[in-house]
Amino acid sequence: QVQLVESGGGLVESGGSRSLSCAASGRTFTRNTIGWFRQAPGREREFVAAISWSGGRTLYADSVKGRFTISRNNTKDTVYLQMNSLEPEDTAVYYCAATLTNGLVRDGRLYVDWGQGTQVTVSS
């Protein structure tokens, strides 16, 4: 099992930026694809971005492509989500998760370990 802890959430104005971190411990983190998901009130959880264990491959939801960047530093066991040009529609609890699936996947059901989430609120 991988323990994941998100941080960096908060209140930001529309058009602003925010950087989230996902710190891992436990099972060998460096072999996991890591994903970011989000869930807004009254809405289903949705995929945001994923990064391969090496960091060489990334995948983004269309809604965030060009605005968000996922990256990782395996020496620090941390994955990051840089969010730029934030919109009120980006308001949600953001979760990071780890999957044992080989490759980049959008389906949250394939992720086995989840963090507790961090709230991001974008004001208009």
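These figures come from a predicted structure and were not determined experimentally. Counting from 1, the numbers follow the sequence of the chain as shown. Both backbone and side-chain heavy atoms feed into the values below; hydrogens, waters and symmetry mates do not.
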Evaluate R67 against D90 for salt bridge (Lys or Arg N to Asp or Glu O under 4.0 Å), listing each step before the verdict. CA-CA 11 Å; R67 299 189 299 123; D90 296 315; 2.8 Å; yes
If I take atom OG from residue S124 and atom CD from residue E87, how far apart are they, to the nearest 0.5 angstrom? 12.0 Å
Would you confirm whether D113, through its side chain, and A97, through its main-chain N or O, come within 3.5 Å as a donor-acceptor pair? no
Do F68 and W36 have their ring centres less than 6.0 Å from each other? no
Could you grab the distance from atom OG of S14 to atom CD of E89, nearest 0.5 Å is fine? 8.0 Å
When you measure from the side chain of N74 to the backbone N and O of S54, does any donor-acceptor pair fall under 3.5 Å? no
Find out if a path of hydrophobic residues (ILVMFWY) with successive side-chain heavy-atom gaps under 4.5 Å connects L59 to Y111. yes
If you take all heavy atoms of L100 and V112, which pair is closest and at what distance? CG-CG2, 4.4 Å
Residue D107 excluded, over 12 heavy atoms near CG under 6.0 Å: yes
Is there a path of hydrophobic side-chain contacts, each under 4.5 Å between heavy atoms of I, L, V, M, F, W or Y residues, that connects L20 with L11? no
Pairwise distance OG1(T91) to CD(Q119) - rounded to 0.5 angstrom: 7.0 Å
Nearest non-hydrogen partners of A61 and F47, listed with the distance: CB-O, 3.4 Å
Checking T78 side chain against K76 main chain: does a donor-acceptor pair fall under 3.5 Å? yes
Hydrophobic cluster membership, with links at side-chain heavy-atom distances under 4.5 Å among I/L/V/M/F/W/Y: are Y94 and V12 in one? yes
Can you check whether T69 reaches Y60 side chain to side chain, under 4.5 Å on heavy atoms? yes
Is a side-chain donor or acceptor of S19 paired with a backbone partner of Q82 at a separation under 3.5 angstrom? no
Closer than 3.5 angstrom, by distance alone: can the side chain of R18 be matched with the main-chain N or O of T121 as a donor-acceptor pair? no
Where A40 and A92 come nearest, the two heavy atoms and their spacing: N-CB, 3.8 Å
With rounding to the nearest 0.5 Å, note down the distance linking OG1 in T99 to CG in L104. 10.0 Å
Taking the side chain as everything from C-beta on, heavy atoms only, tell me whether V64 gets closer than 4.5 Å to R38. yes
CD1 on I34 to CG on L4, rounded to 0.5 Å: 5.5 Å
Identify the heavy atoms of V120 and M83 that sit nearest to each other, and give their distance. CG2-CE, 3.9 Å
Output the distance between atom CD (Q39) and atom CD (E44), rounded to the nearest 0.5 Å. 8.5 Å
Would you call the rings of W114 and F37 parallel, tilted or perpendicular if under 30° counts as parallel and over 60° as perpendicular? tilted
Donor-acceptor contact below 3.5 Å, side chain T118 vs main chain E6: no
Heavy-atom closest contact (T33 atom, G103 atom, distance): OG1-O, 3.2 Å
Please give me the minimum heavy-atom distance between V79 and I70, naming the atom from each residue. CG1-CG1, 3.9 Å
